[in-house]
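The structure's right below; bear with me while I get my questions together.
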Amino acid sequence: MEVIEIMPPWVKTEMTAEVPEGNGINMISADELIKQSFSALKSGAVEIRPGQSKQLAFLRRLAPEFINAQLWKMSKKLVPVGV
């Protein structure tokens, strides 16, 4: 059995349409996410981090609590409350 981790960055979708790019957010298209993910799968990668998620994974190793707090701060407006 093999486990493969895909850690996508911000992806341009209807769900992220209201998220402004800049200030550390660089989105990629869904097509680019698929292209990079399948390329990594073909090369045998078990940790796939397309786009900006490469830097995020590195920073998370250096300062996990800080990066986790920033991720939550940036994404909590996308999480439905009371559903």
Side-chain angles (χ1 to χ4, degrees):
M1 176 187 245
E2 183 174 50
V3 176
I4 297 172
E5 173 188 25
I6 298 179
M7 182 179 169
W10 285 90
V11 179
K12 292 179 186 176
T13 65
E14 289 179 18
M15 186 174 162
T16 60
E18 295 181 20
V19 176
E21 288 194 64
N23 293 326
I25 297 175
N26 297 311
M27 294 191 204
I28 66 173
S29 68
D31 288 340
E32 186 62 25
L33 172 63
I34 292 166
K35 179 181 159 187
Q36 289 185 30
S37 296
F38 274 94
S39 176
L41 282 169
K42 286 179 186 177
S43 72
V46 294
E47 292 182 353
I48 301 171
R49 295 184 171 93
Q52 191 179 19
S53 60
K54 291 176 199 159
Q55 296 91 353
L56 181 60
F58 175 75
L59 292 172
R60 201 168 182 193
R61 287 187 177 115
L62 295 177
E65 289 182 27
F66 174 75
I67 295 301
N68 286 341
Q70 293 305 308
L71 285 171
W72 176 244
K73 181 178 161 184
M74 291 169 49
S75 63
K76 68 181 175 183
K77 62 181 139 193
L78 299 175
V79 177
V81 178
V83 176

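Just so it is clear, the structure is predicted and the values come from calculations on it, not from any experiment. What you see below is based on every heavy atom in this structure, not just the backbone, and it leaves out hydrogens, waters and symmetry mates.
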Glu5 and Arg49 have their tightest heavy-atom pair at OE1-NH2, 3.0 Å
Candidate list Pro8, Pro9, Ser53, test side chain to side chain contact (heavy atoms under 4.5 Å, CB included), partner Ile28, passing option: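 Answer after filtering Pro8, Pro9, Ser53: Pro9.
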Test side-chain contact (heavy atoms from CB on, under 4.5 Å) on Thr16 and Val11; report intermediate values, then the result. CA-CA 7 Å; Thr16 60; Val11 179; 5.8 Å; no
Residues, nucleotides or ligands: over 12 heavy atoms within 6.0 Å of Glu65 CD: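 No, CD of Glu65 has 12 or fewer neighbouring heavy atoms, counting only those of other groups under 6.0 Å.
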Same apolar cluster (I L V M F W Y, side chains within < 4.5 Å links), Met7/Ile4: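 Not linked; separate clusters.
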Which heavy-atom pair separates Val3 from Val46 by the least distance, and what is that distance?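 Between these two residues, the closest heavy atoms are O-CB, 3.9 Å.
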Would Phe38 end up clustered with Leu33 when hydrophobic side chains under 4.5 Å apart are linked, directly or stepwise? no
Working to the nearest 0.5 Å, report the span between CD1 of Ile48 and OG of Ser43. 7.5 Å
Quick check: does any side chain N or O of Gln52 sit under 3.5 Å from a backbone N or O of Trp10, one acting as donor and the other as acceptor? no
About how many Å separate CG of Asn26 and NZ of Lys12, when rounded to the nearest 0.5 Å? 9.5 Å
